[in-house]
Amino acid sequence: MTKMDAESVRPDTLSRGDEIVSRINQLAAISETPAHLARIFLTREHRAAAELILTWMRSAGMAAHLDPIGNVCGRYEGDRPSLPCLMLGSHYDTVRDAGKWDGPLGLITAISCVAELSKRARRLPFAIEVIGFADEEGVRFASTLLGSRAVAGTFDESALGAKDTAGISLREALTEFGLDPGHIGAAARARRELLAYVELHIEQGPVLEAESLPVGVVTAIAGATRLAARLTGMAGHAGTVPMPLRRDALAGAAECIGAIEEFCRTDEGGLVGTVGYIHAMPGATNVIPGQVSFTIDIRAPTDAHRKRAVTDIVRQIEAIAKRRKLALQLDVTHENRTVPCAPWLQQQVAEAIAAEGYRVFELPSGAGHDGMAMIDIADVGMVFVRCRGGISHHPDEHVDLADADAGARVLLRLIENFRPRSGT
Ligand code: HGY
Ligand code: MN
Ligand code: MN
């Protein structure tokens, strides 16, 4: 069946695409400031968004509640009560100056699919749960994936002491929000309650657009290693210190950054490296920089590849620092392992995509997702939806209505044809 046939066969889904886009816009209006979208964990914007999403869940025929860490949870019973569930979802927090699709598209689409089943009074041989995670981006407190780690039972209580830039601890913020920091454990779910976790998300990259495809099958969620580097040389007068006598920390950092880019650019295994932040001190035009701090973010489709790359990159930075007589402080600040999407779920995503008339295309995710936490209690599957120019974490992030609709049709097809893994 061609794509056009698929659309003509299911005209009602376009109205669902309209509803999805309308809800994306309603949710995007809940922001710290109107000019720059930001919906941060445990803020009044978080609470307003949670209340709106809970009403959507209930109008879709789900029982819905806020869990002990601020996730929104909806449940649509199967053809018998208390069945294990196919869990769908994504996050509803954002980065700062965010796009409005990263997270909410997956959550709103999942709610829309349940609403369609409810409208048809369709009950399946499993329950469906839809979860909106409260903190995937980790903007406010140092650690990320706090909502999904609580659901997976891997929430680290030591994170309760983490403080935001205003000096408010996670513990205080939870209490202020009306949640009990001592009760987070009650959010944890058991593996036996979930048949699988499936997330629909924008690709946040340019590949589907380059392939002229609206949807894709995600093969893995790339792990990430983040490091903090500090080079210390000797500040000095820009006019009087001859070049051979300098220990210029910023020139050294520049050489390191060039080496990181060159190493990743010439790698053929999907390695990416980013220096997203740099700070040079003392920071005056006529002073040779004495100290520079910068961050490094390294990601690859497999852990072994990423770890080898980190070792090689650290070795290069150490050699540059030594040759330039710069002191080096280099710390790993964050490590997330690569999460493979389960082959049996990839297969069912592929079948749903093909059934909707699209070419099946597989691709890894360079961005992190809540599946990196949910893997501890369920097999993970992901559906990617094309976003314009691959732009994300930016106000220009955009998904065409037809692609939002394609994602909804694929997810609904996946749900209706879902077969639990044999032996569960
Ligand atoms: O950083 C990431 O990849 C995700 O957007 N949190
Ligand atoms: Mn994001
Ligand atoms: Mn996201």
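Basis for what follows: all heavy atoms, side chains included, without hydrogens, waters or symmetry-related copies. Indexing begins at 1, ligand by ligand and atom by atom, following the structure's order.
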Novice: Glu137 heavy atoms, cut-off 4.0 Å: which ligand 1 atoms fall inside?
Specialist: 4 (C), 5 (O), 6 (N)

Novice: Using the ring of Tyr76 (Phe, Tyr or Trp, six-membered ring only), decide whether Arg123 places NZ or CZ under 6.0 Å from its centre and within 45 degrees of its axis.
Specialist: yes

Novice: Quick check: Glu136 and ligand 1, any N/O pair under 3.5 Å apart?
Specialist: yes

Novice: Examine all N, O or S atoms of Glu136, backbone included, and report whether one is under 2.8 Å from the Mn ion (ligand 2).
Specialist: no

Novice: For the residue pair Trp101 and His398, categorise the inter-ring angle as parallel (less than 30°), tilted (30 to 60°) or perpendicular (more than 60°).
Specialist: perpendicular

Novice: Distance to the ring centre below 6.0 angstrom and angle to the axis at most 45 degrees; does that hold for Arg39 and Tyr92?
Specialist: no

Novice: Quick check on contacts: which atoms of ligand 1 are under 4.0 angstrom from a heavy atom of Ala367?
Specialist: 3 (O)

Novice: At the 4.0 Å heavy-atom cut-off, does Arg226 count as touching ligand 1?
Specialist: yes

Novice: Once rounded to 10 degrees, what value does the angle at the Mn ion (ligand 3) take between OD1 (Asp102) and NE2 (His201)?
Specialist: 80°

Novice: If hydrogens are left out, which of Gln204, Arg299, His393 has an atom nearest to atom 1 (O) of ligand 1, that is, the closest non-hydrogen atom?
Specialist: Arg299

Novice: Based purely on interatomic distance, does Gly368 place a nitrogen or oxygen under 3.5 Å from a nitrogen or oxygen of ligand 1?
Specialist: yes

Novice: Looking at Phe418 versus Phe126, is the centre-to-centre ring distance below 6.0 Å?
Specialist: yes

Novice: If we only consider heavy atoms of His369, is any one of them less than 4.0 Å away from an atom in ligand 1?
Specialist: no

Novice: Would you say His91 reaches the Mn ion (ligand 2) with an N/O/S atom under 2.8 Å?
Specialist: no

